[in-house]
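Any value given below was found using the heavy atoms of this structure, including those in side chains, with hydrogens, waters and symmetry copies removed. Every chain is numbered from 1 and lettered A, B, ... according to where its sequence line falls, protein lines coming before strand lines.
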Number of protein chains: 2
Amino acid sequence: MSTSLDRLIETTQALLWERGYAGTSPRAIQEQAGVGQGSMYHHFRSKAALAQAAEERSAAELIEEVRQLLDGPGDPLDRVLAYLRLERDILKGCRIGRLAADPEVVADHSLRKPLEDTFAWISTRLTGLLQEAQAGGQLQQGLDPRLLAATVLAVRQGGYVLARAASSTVPYEQAVEGLTALLTARRT
Amino acid sequence: MSTSLDRLIETTQALLWERGYAGTSPRAIQEQAGVGQGSMYHHFRSKAALAQAAEERSAAELIEEVRQLLDGPGDPLDRVLAYLRLERDILKGCRIGRLAADPEVVADHSLRKPLEDTFAWISTRLTGLLQEAQAGGQLQQGLDPRLLAATVLAVRQGGYVLARAASSTVPYEQAVEGLTALLTARRT
DNA sequence: GTCTATAGCCCGATAGAC
DNA sequence: GTCTATCGGGCTATAGAC
């Protein structure tokens, strides 16, 4: 059986993902979690405090998911490409990246930090794999793994934006395939 | 001298860019535009109708800006790369792409259409330039210009997300440089 | 820990005077 | 065209009983 505390955090994670920070009200959280007003404000002093807890859990979950994939078997470059293809619900977007649209999140350091840390972690891990790929000869020399890691992350995040704008996963898949082709292009 | 109608639309454009659809209230629009409640509801029957007008103007302005760059002088590939580098206020994000985070925008066809149309237009234009670049030998054969166009768009949109999450333009610039390196990579 | 009650303000919209 | 008044409801909390 889950505690009120857990239900509050899980519900907030879901609502932040769907509606963002501004669009998520304490009242909606309480109703969806089946937790009363008094209970919520007993556990968290404010909407921001609850949102921060939810963000931190979402960030940890996302990193764990990505870590399992990137630490998995296979050639380093293949793992990077698998990350690009990693199936999530494309039209829902990224539970972390979505929050970068909220000015209140970006303006508040405690709310922004989970976003910054998550992308920094993934970027570092991707950079390492791309370096390995270069050492192994699967990736062209002369390319900067750090820059490419940022490109990989951006294609994922931007792909979500294009997909939601088109109400179709196609632009996401095209962007990923385009980058995949560039990363695997053999010298002629 | 600007009319109330114009001030309403311009103000709504600015607020949608900053705060998104859910975060933009009729009251805030009225105050910032210096226009009364009655006046606003005389010109627009609802918040959605005003938002739609603002979106359409923003989309037209953005397309015109991009058109001028992409129709400009220089090699086709250089123009695509110039689009990637096109200086806007990176931390503000994209006035069109930002709205794809709003569930109310994505769910309402009239509100989503300007987004879809804008990205479709830019994508088509980029595809044409990349085809020209291939014909001219500046871009490697065997790559699909349609897919690469989606990648270019995604890097821009995703770069904004990473930049806002990091509160720094650096990740944006890295992502762009990474893609630029891939697109200009010479065969060895 | 959780409840109910209440506060003060904002939401999106409508009505009708001028 | 623009004004003010008003509607029913939601917003983010706070207070104090249980």
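Rounded to whole Å, atom P of dC11(D) lies 14 Å from atom CD of Glu104(A). Following rounding to the nearest Å, Arg7(B) (CZ) and dG1(D) (P) show an atom-to-atom distance of 14 Å. Atom CG in Leu8(B) sits roughly 15 Å away from atom C1' in dG12(C) (whole-Å rounding). Taking atom CZ on Arg27(B) and atom P on dC11(D), their separation rounds to 16 Å, with Å as the unit. Rounded to a whole Å, the CD1 atom of Ile29(B) is 14 Å from the C1' atom of dC10(C). Rounded to a whole Å, the CD atom of Glu31(A) is 13 Å from the P atom of dT4(C). For the pair Gln30(A) CD and dT14(D) P, the computed distance is 13 Å after rounding to whole Å.
The stretch residues 33-52 of chain A comes close to DNA chain D through Gln37(A), Tyr41(A), Ser46(A), Lys47(A), each having a heavy atom under 4.0 Å from the strand.
Note on Arg67(B) versus Glu64(B): salt bridge recorded, some NZ/NE/NH1/NH2 to OD/OE distance being below 4.0 Å. A salt bridge links Glu65(B) to Arg88(B): at least one charged side-chain nitrogen sits closer than 4.0 Å to a carboxylate oxygen.
A heavy-atom distance below 4.5 Å is not found between the side chains of Leu130(B) and Thr127(B). Between Asp6(B) and Arg57(B) the shortest side-chain heavy-atom distance falls below 4.5 Å.
A sub-4.0 Å separation between OP1 or OP2 of dG1(C) and a side-chain N or O of Ser4(A) is absent. Between Ser25(A) and dC11(D), a side-chain N or O to OP1/OP2 separation shorter than 4.0 Å is present.
Across the interface with DNA chain C, nearest-nucleotide mapping of Thr24(B) and Leu5(A) shows Leu5(A) to be the residue nearer the 5′ end.
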task: Might you work through the salt bridge (charged side-chain N to carboxylate O under 4.0 Å, His left out) test for Asp102(B) and Arg19(A), ending with a clear yes or no?
output: CA-CA 7 Å; Asp102(B) 271 292; Arg19(A) 310 187 193 169; over 6 Å; no

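Under 3.5 Å, the side chains of Gln140(B) and Gln134(B) contain no donor-acceptor pair of N or O atoms.
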